[in-house]
Amino acid sequence: MNYRHIRLPENGDRVTVINGRPSATDQPIVGFVEGDGVGPDVTRASLRIWDAAVCAAYGDKRRVHWAELYMGEKAARLYDGDFFPRETLDAIKQLTVAVKGPLTTPVGGGFRSLNVSLRQTLDLYARVQPVRYYAGVPSPMRHPENVDAVVFRENTEDIYAGLEYESNSADNLMLAEFLRNKLGANFFEGAGLGIKPISETASRRLVRRAIQYALDHDRESVTLVHKGNIMKFTEGAFRRWGYSVAEEEFSESTITEQQLWTEFAGQRPAGKVVIKDRIADIMFQLMLLRPAEFDVIATTNQNGDYLSDALAAQVGGVGIAPGANMSDHVAVFEATHGTAPKYAGMDKVNPGSLMFSGCMMFEHLGWTEVSALIAKAFSSVIAKGQVTYDLARQMEGATELSTSAFADAMIAELGT
């Protein structure tokens, strides 16, 4: 495929997908998007750390061949103002695996969220965010080590579908008239209106992926988080469809929480994943009080947005929280924080979120040794008090490092 600005490496091989699972050679090509604001700083640091970890794990037997792709402000400069060039989407689909820094998302007006557009255009329906604690990282929790969860957030529907109508616009007035006159709805004049679609198709495939993850990674439970006590035909339907997936497709390997107590006296049988559900607002409380009771979490888009950030705060903040957006064939791993434009180019911010998202990418490829080495090196660097400003201001006696110096410390710890 010919591209206008993208140059794929001459060496290396495209990651293929076989039966829904990635298949990589020892020389995969992986796309990367630098991102906006602090994106270039954290991307440069992360690329150095990833390459060093691959070298530490495999010597010269394996190597990632990086291909720069363009979105956001850098793309606009190259593609005559186009923040979302078609050839980048085509390249991601061709390569099947990419990592990206944060992208500008304006509030109120301007172009639509690039992150949301990317997810919807490529049907990256599962937002996957592991949340775990690393010893020594400042936390507001008394026992942050009890937090070890993986959030599967539906990524294409709910309020993020973009079905929203501005107050007193022509479309708003037409919809308001229909709701009042045809359906008997009652709401204030001049209200902004939004539609919250939650479908059986999207709900089932999200829960299916969460359950399969739990089985593949020997996790104990999958919790369906919803607000079905109030929104019975959207959030409540998500809960119902989630249980149906477990019963219809995973009956040999799952049990319900009710079965756990009525048939097994509260003792989970070996190899079985327990399917349970919790109301969203109660779940926030439980993740503070009894986080060890929850393992894999499957939830709707808005609930997952709130919950994943809240959980990240319990273990050190979004600065070190990884995330991925995944479909059945494409996976994009990204920093979970914003662009922080006031720190752009200052070589200051924590690269941990993107770095650990890269660890997810290596696990996706089956290169688990790389992610294990990075996690071990991170723990050692933190134990020495060598941290970026966001953590240094919360730790006594810490040495504040720049983004690039933190990468240097990580690479030294990796021994390459």
Side-chain angles (χ1 to χ4, degrees), residues 1-9 14 29-47 66-125 127 155-156 159-167 169-172 192 194 301 305 318 323-327 330-349 351 353-354 357 403:
M1 183 178 292
N2 294 322
Y3 295 109
R4 179 180 171 191
H5 292 295
I6 293 170
R7 300 290 180 265
L8 299 185
R14 185 174 68 90
I29 300 174
V30 174
F32 76 92
V33 176
E34 240 183 15
D36 300 326
V38 298
D41 287 345
V42 299
T43 300
R44 281 192 294 267
S46 296
L47 286 169
W66 301 102
E68 184 170 8
L69 314 177
Y70 306 101
M71 290 184 68
E73 294 170 352
K74 191 170 187 178
R77 293 193 294 270
L78 289 172
Y79 294 87
D80 305 317
D82 187 355
F83 288 81
F84 195 54
R86 182 71 216 184
E87 73 172 27
T88 294
L89 298 176
D90 291 338
I92 293 174
K93 286 190 285 187
Q94 180 186 3
L95 298 175
T96 73
V97 178
V99 295
K100 59 176 282 294
L103 293 171
T104 297
T105 300
V107 176
F111 58 85
R112 189 181 181 190
S113 165
L114 295 177
N115 293 313
V116 173
S117 296
L118 180 66
R119 296 165 194 169
Q120 294 185 340
T121 303
L122 296 179
D123 196 27
L124 303 174
Y125 64 83
R127 169 72 170 174
N155 219 11
T156 63
I159 63 170
Y160 289 83
L163 302 177
E164 188 177 25
Y165 304 92
E166 184 179 3
S167 173
S169 66
D171 287 344
N172 174 286
N301 204 333
D305 191 9
V318 295
N325 298 300
M326 310 179 82
S327 71
V330 176
V332 178
F333 303 85
E334 66 178 4
T336 60
H337 55 73
T339 58
K342 71 176 182 179
Y343 295 128
M346 295 178 63
D347 192 28
K348 184 180 180 69
V349 300
S353 177
L354 187 61
S357 295
T403 310

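Shown here for D36 and G72, the closest heavy-atom pair between the two residues is OD2-CA, 3.7 Å. The two residues I6 and E87 make their nearest non-hydrogen contact at N-OE2, 3.3 Å. When all heavy atoms of A335 and L354 are compared, the closest pair comes out as N-CD1, 3.8 Å. Looking at every heavy atom in both residues, T96 comes nearest to R14 through CG2-NH1, 3.9 Å. Residue G345 comes nearest to D41 through the heavy atom pair N-OD2, 3.4 Å, listed as atom of the first residue, atom of the second, then distance.
Proximity of L95 to L8: side-chain heavy atoms (C-beta onward) are separated by under 4.5 Å at one or more points. Residues H337 and V318 form a side-chain contact, since some pair of their non-hydrogen atoms from C-beta on lies under 4.5 Å apart. Contact annotation: the side chain of N115 approaches that of E334 to within less than 4.5 Å [non-hydrogen atoms, C-beta and beyond]. Here the side chains of Y160 and N155 are not in contact, with every heavy-atom distance at 4.5 Å or above. Counting heavy atoms from C-beta outward, F83 and L103 have side chains that stay 4.5 Å or more apart. Taking the side chain as every heavy atom from C-beta outward, L114 and L118 never approach each other to under 4.5 Å.
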Show your working on side chain to side chain contact (heavy atoms under 4.5 Å, CB included) between V97 and F333 and close with a plain yes or no.
CA-CA 8 Å; V97 178; F333 303 85; 4.1 Å; yes
Given Y3 and Q94, is the side chain to side chain contact (heavy atoms under 4.5 Å, CB included) satisfied, shown in steps?
CA-CA 12 Å; Y3 295 109; Q94 180 186 3; 2.5 Å; yes
Given side chain to side chain contact (heavy atoms under 4.5 Å, CB included), test L124 with M326 step by step and report yes or no.
CA-CA 5 Å; L124 303 174; M326 310 179 82; 5.8 Å; no
Using the side chain to side chain contact (heavy atoms under 4.5 Å, CB included) rule, take F32 and L69 through it: C-alpha gap first, then chi angles, then the decisive distance, then the call.
CA-CA 6 Å; F32 76 92; L69 314 177; over 6 Å; no
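By the side chain to side chain donor-acceptor pair (under 3.5 Å) test, K74 pairs with E34, E68, sequence neighbours left out. In this structure, the side chain to side chain donor-acceptor pair (under 3.5 Å) partners of D90, at least two apart in sequence or on a different chain, are R86.
R4 has no carboxylate O lying under 4.0 Å from a charged side-chain N of D82, or vice versa, which leaves the two without a salt bridge.
Using a 30° and 60° split on the angle between ring planes, Y70 and Y79 fall in the tilted class, from 30° to 60°.
To the nearest 0.5 Å, atoms CE (M71) and OG1 (T104) are separated by 11.0 Å.
Side-chain contact check for T336 and S353: at least one donor-acceptor pair (N or O, by modelled atom type) lies under 3.5 Å.
Within the 3.5 Å criterion, the main-chain N or O of Y125 finds no donor-acceptor partner in the side chain of S327.
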